[in-house]
Structures are given as C-alpha cells and as structure tokens.
J.: 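Okay, here's the structure, questions in a sec.
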Number of protein chains: 4
Amino acid sequence: MTSKFSSINPEKQERILNAALKEFALKGYENASTNEIVKSAGISKGLLFHYFKNKKELYLFLYNHFADVMVKEFFNELDLSERDIFERMKTLMILKNKLMAKHPEVFDFMVAASMETAEEVKGILNNTNTELIQASYSRLFENIDMTMFRDGIDIQRTINIIMWTLQGFSNQELEKAKKLNTGHHDFDEAFKEAEVYIDMMKKAFYKSL
Amino acid sequence: MTSKFSSINPEKQERILNAALKEFALKGYENASTNEIVKSAGISKGLLFHYFKNKKELYLFLYNHFADVMVKEFFNELDLSERDIFERMKTLMILKNKLMAKHPEVFDFMVAASMETAEEVKGILNNTNTELIQASYSRLFENIDMTMFRDGIDIQRTINIIMWTLQGFSNQELEKAKKLNTGHHDFDEAFKEAEVYIDMMKKAFYKSL
Amino acid sequence: MTSKFSSINPEKQERILNAALKEFALKGYENASTNEIVKSAGISKGLLFHYFKNKKELYLFLYNHFADVMVKEFFNELDLSERDIFERMKTLMILKNKLMAKHPEVFDFMVAASMETAEEVKGILNNTNTELIQASYSRLFENIDMTMFRDGIDIQRTINIIMWTLQGFSNQELEKAKKLNTGHHDFDEAFKEAEVYIDMMKKAFYKSL
Amino acid sequence: MTSKFSSINPEKQERILNAALKEFALKGYENASTNEIVKSAGISKGLLFHYFKNKKELYLFLYNHFADVMVKEFFNELDLSERDIFERMKTLMILKNKLMAKHPEVFDFMVAASMETAEEVKGILNNTNTELIQASYSRLFENIDMTMFRDGIDIQRTINIIMWTLQGFSNQELEKAKKLNTGHHDFDEAFKEAEVYIDMMKKAFYKSL
DNA sequence: GATGAATGAGTCTTCATTCAT
DNA sequence: CATGAATGAAGACTCATTCAT
C-alpha cells in the first residue's frame with residue numbers, strides 16, 4: 001500500500017508528509033483534517049487516499065517514518081565511544097537540542113503522538129513506540145565505564161538517578177523556553193547550569209580523586 | 001455566566017459535572033460530545049448551553065473546579081510540619097496514590113487536560129495551569145530542614161535532584177502499572193524500592209552521621 | 001428512536017416520507033442519496049439524522065410504515081365473505097389495481113424493496129417481508145368454498161394453478177402497460193380477458209352443472 | 001469501441017469478463033467497483049477504459065455477451081422435435097436447472113440485471129432484454145402438437161395457463177431452495193411434484209383417452 | 001428556567017474517468 | 001498497447017450551537 005507513495009516524486013512526497021505532520025502535530029489525530037492536509041499539500045482529495053487507504057494508515061506511516069528518521073539521525077551523530085556517562089549524557093542533550101532546533105515540527109508531532117489518546121491509534125502506536133524506544137534507550141547506556149563510580153554503590157540505580165535528573169532539568173528548560181516562546185532561549189546558560197548538576201552528581205557518585 | 005450554574009440544585013450540578021468529566025477524560029476536548037454529556041447528565045441540550053455559553057467554557061470551568069478540589073484535598077491531608085524533605089516526599093507520594101485511587105476519573109481528566117492539544121483550549125489552560133501549580137509546588141518545599149544537608153552543598157539544586165529522581169521513579173512505576181493494566185500493582189514493593197532510592201540520596205546529600 | 005419522528009408536525013412527516021419513498025423507489029437502497037431526500041423534503045441534513053440514526057433505519061422505517069399502510073388498506077376493502085375462489089380473486093385483482101393507481105410510488109417502492117440486493121438491508125427486510133406476506137397470503141385463501149370443485153380433484157394444487165395463472169396474467173398486463181407507459185391502459189379489456197381465463201378454469205376444475 | 005476488446009488475447013478477455021461478471025452479480029450496477037474489477041482481472045485501470053468507454057458500456061456488453069452465450073447453449077441442447085407441450089416444458093425445466101448449476105454466476109448476473117433499478121441502465125437493458133426474450137420465447141412454443149388438446153378449447157390461452165403454472169411452480173421451488181440455502185435441494189422430489197401438476201393439467205386440457 | 005427540533009458546515013472516504021508517460 | 005497517478009464531486013454522517021415554545 002505504501003509502495004505507491006514511496007515511488008512518486010520525492011518533492012511531492014515531502015510536501016504531503018510535511019503538510020500531514022504539521023496538521024497532526026497541531027491538532028492531534030482525531031481533530032486533524034485530511035481536508036486541510038490536502039489543501040496545504042496542494043494535492044487533490046482523492047490522491048491522498050490513493051496513497052494511504054485511510055487517515056489512520058497515513059498517521060501510522062508518518063509516525064514510523066519520522067521515528068525512523070529521527071532515530072537514525074540521532075545515532076548517526078551520537079558518539080558511543082565516549083565511555084564516561086556524564087560526557088555521554090551531555091553530548092546526548094546537546095544532540096537532542098540540535099535536532100529539536102532543526103526539526104521542531106517533527107518533535108512536536110512525536111511528542112503529541114506519544115500522548116495520543118484516540119482509541120483507533122493508541123494501541124498500535126504504543127507497540128511500535130516501545131520497540132523503537134527500548135531498542136534506542138538500551139543503546140544509550142551500553143558500554144559505560146563503571147569503574148568511575150564509588151565502590152559499593154548501586155550502579156544501575158545511580159544511572160537512573162542521573163538520567164532522571166538530567167531529564168528533569170531538560171524538561172524544566174523546555175518549559176521555560178516554551179513560556180518565553182522566544183524562538184531561542186539562552187542555550188549556553190542552560191548548558192552551564194547542566195554542568196553544575198553534573199558536577200554535583202560526580203561529587204556524589206564518582207570516586208573522589 | 002457561571003453564576004447561573006453555581007446557583008442551581010447542587011445534586012444537578014454534580015450530575016452535570018460528573019457527566020462532563022467522564023466524557024472529556026475519555027475522549028479529549030475536541031472529541032467529547034456535548035450530546036453524550038447531556039444524555040448522561042439527564043438534562044436537555046439547551047440547558048447545558050444556558051449554563052455554559054459554549055463547550056470551551058464548560059471545559060475550562062471543569063478544569064478549574066477539579067483542580068481546585070484536588071489541590072484543596074491534597075493540602076488538607078499533607079503534613080507540612082514534617083521538616084525532613086525525604087519524609088515529606090514519601091508522604092506526598094503516598095497521598096498522591098491515595099487520591100488517584102479515590103478519584104481516578106478526576107486524575108484521568110487532569111492528565112488529559114495537561115496534554116490537551118486542541119488549539120482552542122491549549123493556551124488558556126496553560127496559564128491557569130501554571131498559576132495553580134506554581135502556587136502549589138512552592139508550598140511543597142516550604143520550611144524544609146536544611147541543616148541535614150552536607151555542608152557547602154547547593155541545597156536548592158539538591159532539592160531539584162531529589163524531586164526529579166522521585167518523579168522519575170514515580171512515572172516509571174505508573175508506566176509499569178499501565179502496561180500490566182492490572183487494576184492494582186504491588187504498591188508495597190514500589191515503596192520499598194522508593195526507600196532504596198531515598199537511602200541512596202541520603203547517603204549522597206545528607207551529612208554522614 | 002422513531003418516537004422523535006412520530007411526534008412532529010404530520011405535514012412535515014409526510015414531506016419527509018414521500019421524499020424518501022420517491023428517492024428509494026427510483027434509485028434503490030444503495031444508490032439513493034440522503035442529500036436528495038433532504039433537499040426534496042426541504043429539511044436540513046442534520047434533521048434527517050436527528051430522526052433516523054442512519055440511512056438503513058430510515059429505509060426500514062419506510063418499509064414497515066408503507067407495508068402496514070398498504071396491507072391495512074388492502075384488507076379493509078377486501079371482501080372475505082365471498083366464498084367463491086374466482087370471485088374472490090377477481091375482486092382481489094381489481095383491488096390491487098385500484099391501490100396501484102392510487103399509490104403508484106408506494107408500489108414501486110415495495111416492489112423495489114422486495115428485490116433489494118443491498119447486503120445491509122436484504123436480511124432484515126426478508127424477515128419482515130415474509131411475516132407480513134405469509135400472514136396476508138394465508139388470509140386470502142381462508143374459508144373458500146371447496147364444494148364447487150370437481151369430486152376427487154386435488155384442491156390445494158388446483159388453487160395453486162388458479163393463483164399462478166392469474167398472477168401470470170396480471171404480470172403480463174403490467175408488462176404491457178409498462179411498455180406502452182401510457183399512464184392508463186385499457187383495464188376493461190384486461191378484465192374481460194381475465195374473465196375468459198376464469199371461465200376456462202371453471203370449466204376445467206369446477207363441477208359441470 | 002468493442003472491436004478493440006474482441007481482438008485481444010481470448011484468455012485476457014475471459015479474465016476481464018469473469019471479473020466484471022462476478023462484481024456486477026454481487027453488488028449490482030451502481031455499487032460495483034471498476035477498481036475491484038481491474039484488480040481481480042489483473043489489468044490496469046486505464047486498460048479497462050481503453051476497451052469500454054465507460055462502466056455502462058461494459059455492463060451492457062456483459063449483458064449481451066452472456067445473454068447470447070446462455071441462449072445459444074440453451075437452444076443447442078433443447079430438443080424442439082418433441083411436439084408434446086408437457087414433454088417439452090419438462091425438458092425445458094430440467095435444462096434450466098442444468099444451466100443454473102453449470103453457470104450459477106451468470107444466472108445471478110442475469111437475474112440481477114433484469115431487476116436492475118439504476119436509471120442509467122434500466123431503459124437500455126429492457127429493450128435488449130425483450131428482443132432476446134421474445135425471439136427466444138416464441139421458439140419454445142413453435143411446432144407444438146395441437147391435436148392433443150380437447151376439441152373447442154382455446155389453445156393459445158391454455159398454453160399460457162400451462163406456462164404460468166409451471167413458472168409459478170418453478171419459482172416456488174427456487175424460493176424454497178433459497179430459504180434453505182442448502183446448495184442443492186431435492187430435485188427429484190421437485191420433479192415428481194411437477195409431474196403431478198402436469199398430470200392435473202393433462203386431465204384438464206387434453207382429450208380424455 | 002427548560003426543552004429538543006433545527007441548522008449546515010464539516011468529517012472521512014469512494015469512485016468513475018482522464019491523461020501524461 | 002498499457003500504466004497508474006490524479007481528479008473532485010458526491011457519499012453518509014456528526015456536532016456545537018441557536019431559538020421558538
């Protein structure tokens with residue numbers, strides 16, 4: 001079914017994908033209008049349903065497509081040879097920010113999708129969702145240098161604390177940015193602040209030199 | 001406009017509020033049907049729009065009403081005389097669980113509301129949202145005993161680490177529960193696990209005895 | 001669901017019923033357009049679906065309604081005290097012709113309905129169909145005078161021959177009328193011709209005087 | 001227009017014809033989907049409309065084609081040298097049953113076509129219809145032995161009575177079979193029953209020996 | 001206050017037909 | 001010959017909102 005779509009003019013593909021992405025990101029699955037999508041993609045009503053047999057299939061295709069795109073771009077740039085967990089997390093946060101700045105609508109869409117409540121789409125999404133995310137997440141903590149942690153410490157749980165802390169911080173910054181909704185807020189300051197947290201956690205969980 | 005509603009038979013008020021709560025929690029703002037609401041509230045179409053000039057106003061009223069109810073019930077039961085931050089956070093988590101068990105639909109609604117993507121409602125909600133949440137959040141960390149923390153430590157940021165960690169843990173447990181969707185999962189075990197994290201953080205951030 | 005419809009302005013009821021009747025008779029179930037129905041009934045799109053929850057329910061209501069009307073009108077006027085089978089069949093044919101002249105669209109609709117192939121509607125229709133028709137048909141042959149038939153003749157099968165013959169004749173005349181589609185063709189002649197067949201059958205199956 | 005079609009690979013012709021036959025028989029004219037036809041015929045959309053300028057022409061071609069096929073097969077096997085009307089009618093009924101068993105889809109299609117309500121197709125069909133049927137029907141009663149009938153009897157009308165009776169009986173059996181929708185019902189019994197009617201009519205209309 | 005009939009723009013989806021390749 | 005991308009009108013049905021009663 002999707003082969004039809006994959007084999008057409010890439011420029012048109014992109015137009016359709018972007019139109020759908022924006023509409024779904026903005027309005028959610030149920031409320032998004034296929035009418036709006038075709039209008040802003042500049043194609044006819046019939047054509048959309050020639051490519052995707054219904055709204056749901058379009059949505060799922062979008063989700064898989066962009067999840068793929070983002071995950072690939074992410075791991076392409078992520079340096080997994082860095083074995084210090086904090087360095088790794090720092091580059092990870094920077095990378096995430098770069099991607100968000102580069103494809104903000106894709107991020108909006110993925111976030112909206114992961115919160116999607118529409119019955120029709122919820123189940124299927126969660127499955128694909130977790131597969132991808134679990135596969136990806138586990139890679140983030142592969143091959144970490146454990147020798148740096150204090151002796152006797154519970155490393156697995158410590159990693160969790162580190163992760164939750166950095167996530168919490170990251171979300172806080174995001175919220176701030178959204179509130180100001182000045183397109184770009186001061187990333188440098190945010191990273192300095194992140195370093196402070198990292199230092200606090202190093203002091204707490206790493207062997208003291 | 002809402003004065004009309006406030007001055008009617010409280011039993012009918014509740015019927016309407018509950019009908020709307022369920023419908024919005026289940027289907028989200030856009031997809032919720034005023035038809036279903038009036039049917040399950042046992043009132044006429046016209047009457048609903050006599051009380052609330054449109055769907056949006058009804059939604060906002062609901063949100064404010066139940067946010068109020070929950071926050072009040074929360075702080076009613078929360079013991080702010082306990083000055084040890086970990087004890088406070090522990091009772092806070094327990095309280096949250098109790099409230100979720102007692103009013104699951106209200107929680108569903110509030111969560112759904114905070115994730116609401118519908119344009120019409122998103123903006124306004126966030127405003128009200130943050131006012132309440134900021135007012136509430138700041139109270140949670142009032143009058144904490146700072147003397148327990150290691151000397152020279154950055155207390156404000158340490159509190160953040162503690163909070164983010166416990167939130168992260170809490171969310172993880174919620175996700176697990178959702179995935180199993182057995183009505184109730186093993187809370188005792190979860191609390192034991194929480195204590196492990198708390199002990200780790202005490203060791204890291206409190207003065208060693 | 002139908003109570004809504006039954007309780008409105010009878011003049012409007014009739015407008016809707018007639019509009020739907022014509023559309024369904026002309027185009028069949030699947031091809032009939034609810035758009036056309038509302039347009040020719042002079043009501044809004046929403047209103048039709050306020051009365052009938054979908055096209056199918058409207059169709060079924062129509063069918064039951066007009067089957068009822070026709071059967072009632074039919075048996076109201078049919079004289080079941082006449083015990084001679086040929087006299088009875090003659091009056092029956094006359095009556096059928098009168099009804100067809102009086103409500104031609106209803107007849108078109110009922111005939112079309114009984115031939116309806118649309119899956120959605122076929123099953124349900126056949127049930128109601130046969131109940132009504134069996135109940136009606138059996139009454140047509142109640143209390144016939146059997147003493148007129150030749151001795152030793154198989155009366156039940158003879159009645160079948162009579163019925164099939166008169167039906168065959170009736171259909172032939174209908175076909176002729178349709179082909180000429182002059183609104184009215186010469187009924188008198190047709191009845192004289194019917195009498196000829198009746199006389200032939202009397203000679204064949206009745207005792208000779 | 002049809003010359004294009006007639007001059008292509010016969011195997012492909014048959015594939016297209018059968019695909020269309022099935023679709024039209026199953027869904028009726030309006031509801032049949034040219035999409036389904038091309039899919040199940042394994043040809044492209046454009047090609048179908050290259051052969052037949054539109055859906056209607058395809059339908060009409062099908063109808064004429066299969067009417068021809070059936071009529072030819074019918075008269076091929078029908079023995080017109082048998083001059084006794086009842087023997088002729090008996091073999092005719094048997095033949096009809098054999099053809100129905102051999103080409104059920106064709107019969108379904110022809111029956112559905114003769115009941116077709118779609119405006120576009122109704123008129124044209126009836127014309128073609130009657131030409132064929134009249135030409136065929138008249139042959140069925142050619143060269144019948146009139147000497148068997150009672151003296152003074154109206155032979156033309158008697159033949160009608162015989163025909164209508166046997167048609168009526170045949171339809172009744174078909175209805176029964178449909179109601180039971182066991183693929184095959186007891187034909188032997190049906191033929192015995194037919195013989196009973198035939199004997200009754202012989203007694204009534206033939207010279208007594 | 002209370003009712004529910006009425007509206008009509010909007011929803012997704014289908015379909016015969018055309019035409020550039 | 002043959003393809004299948006492209007069209008857009010039409011399909012059934014929904015829904016928040018209004019208003020006469």
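Source: prediction; values computed, not measured.
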J.: If I take atom CD from residue A:Glu11 and atom CD1 from residue A:Ile16, how far apart are they, to the nearest 0.5 angstrom?
T.: 9.5 Å
J.: At under 4.0 Å, does any side-chain N or O of C:Asn35 touch on OP1 or OP2 of F:dG11?
T.: yes
J.: Under the ring-ring contact (aromatic ring centres under 6.0 Å, His included) criterion, do C:Phe66 and C:Phe61 qualify, and how do the steps go?
T.: CA-CA 8 Å; C:Phe66 284 114; C:Phe61 180 87; 8.8 Å; no
J.: Provide, to the nearest angstrom, the distance between the CD atom belonging to C:Glu23 and the C1' atom belonging to F:dA12.
T.: 13 Å
J.: Quick one: does B:Lys45 reach the base of F:dT17 with a side-chain donor-acceptor pair under 3.5 Å?
T.: yes
J.: For C:Glu57 and F:dT14, what is the distance between atoms CD and C1' respectively, to the nearest whole Å?
T.: 16 Å
J.: Select one nucleotide: of F:dG4, E:dC15, F:dA2, the one nearest the side-chain heavy atoms of D:Lys12.
T.: F:dA2
J.: A:Ile16 has an atom CD1; how far is it from atom P of F:dA5, in whole Å?
T.: 11 Å
J.: Provide, to the nearest angstrom, the distance between the CD1 atom belonging to C:Ile37 and the P atom belonging to F:dC13.
T.: 11 Å
J.: If the cut-off is 4.0 Å, is A:Ser33 near the phosphate of E:dT11, judged by side-chain N/O to OP1 or OP2?
T.: yes
J.: Treat a base pair as Watson-Crick or G-U wobble with both distances under 3.5 Å, then lay out DNA chain F in dot-bracket form, 5' to 3', with | for cross-strand pairs.
T.: .||||||||||||||||||||
J.: Checking the side chain of D:Gln13 only, and the main-chain atoms of D:Ile8 only, is there a donor and an acceptor separated by less than 3.5 Å?
T.: yes
J.: Would you mind reading off the distance between A:Ile43 atom CD1 and E:dT13 atom C1', rounded to a whole angstrom?
T.: 14 Å
J.: Ignoring hydrogens and angles, does a donor from either the side chain of C:Lys4 or the base of E:dA5 sit under 3.5 Å from an acceptor on the other?
T.: no
J.: Start at the 5' end of DNA chain F and walk down; is the nucleotide closest to D:Gly46 or to B:Phe49 reached first?
T.: D:Gly46
J.: Hey, are the side chains of D:Phe24 and D:Leu58 touching, using non-hydrogen atoms and a 4.5 Å cut-off?
T.: yes
J.: To the side chain of B:His50, which of F:dT3, E:dG1, E:dG4 is closest?
T.: E:dG1
J.: Donor-acceptor pair, distance only, cut-off 3.5 Å: does the side chain of D:Lys55 make one with the backbone of D:Glu30?
T.: yes
J.: If you take all heavy atoms of A:Glu57 and A:Lys53, which pair is closest and at what distance?
T.: OE1-N, 3.2 Å
J.: Measure from the side-chain N and O atoms of B:Tyr29 to the backbone N and O of B:Lys56, and report whether any donor-acceptor pair falls under 3.5 Å.
T.: yes
J.: Indicate yes or no: at least one non-hydrogen side-chain atom of C:Arg15 is less than 4.5 angstrom from one of C:Ile43.
T.: yes
J.: Nearest-Å distance, CZ (D:Phe52) to C1' (F:dC1)?
T.: 15 Å
J.: Taking only side-chain nitrogens and oxygens of C:Thr34, does any of them come within less than 4.0 Å of OP1 or OP2 of F:dA12?
T.: yes
J.: Here's a test of your reading of the structure: between A:Lys27 and D:Asn31, which maps to the more 5' nucleotide of DNA chain E?
T.: A:Lys27
J.: Expressed as a whole number of angstroms, how long is the span from C:Leu47:CG to F:dA12:P?
T.: 16 Å
J.: Choose from F:dC13, F:dT7, E:dA16 the nucleotide whose nearest atom is closest to any side-chain atom of C:Lys55.
T.: F:dC13
J.: Tell me: CG of C:Leu48 to P of F:dT14, nearest whole Å?
T.: 11 Å
J.: Please compare B:Tyr29 and A:Ser44 by the position of their nearest nucleotide in DNA chain F and report the one closer to 5'.
T.: A:Ser44
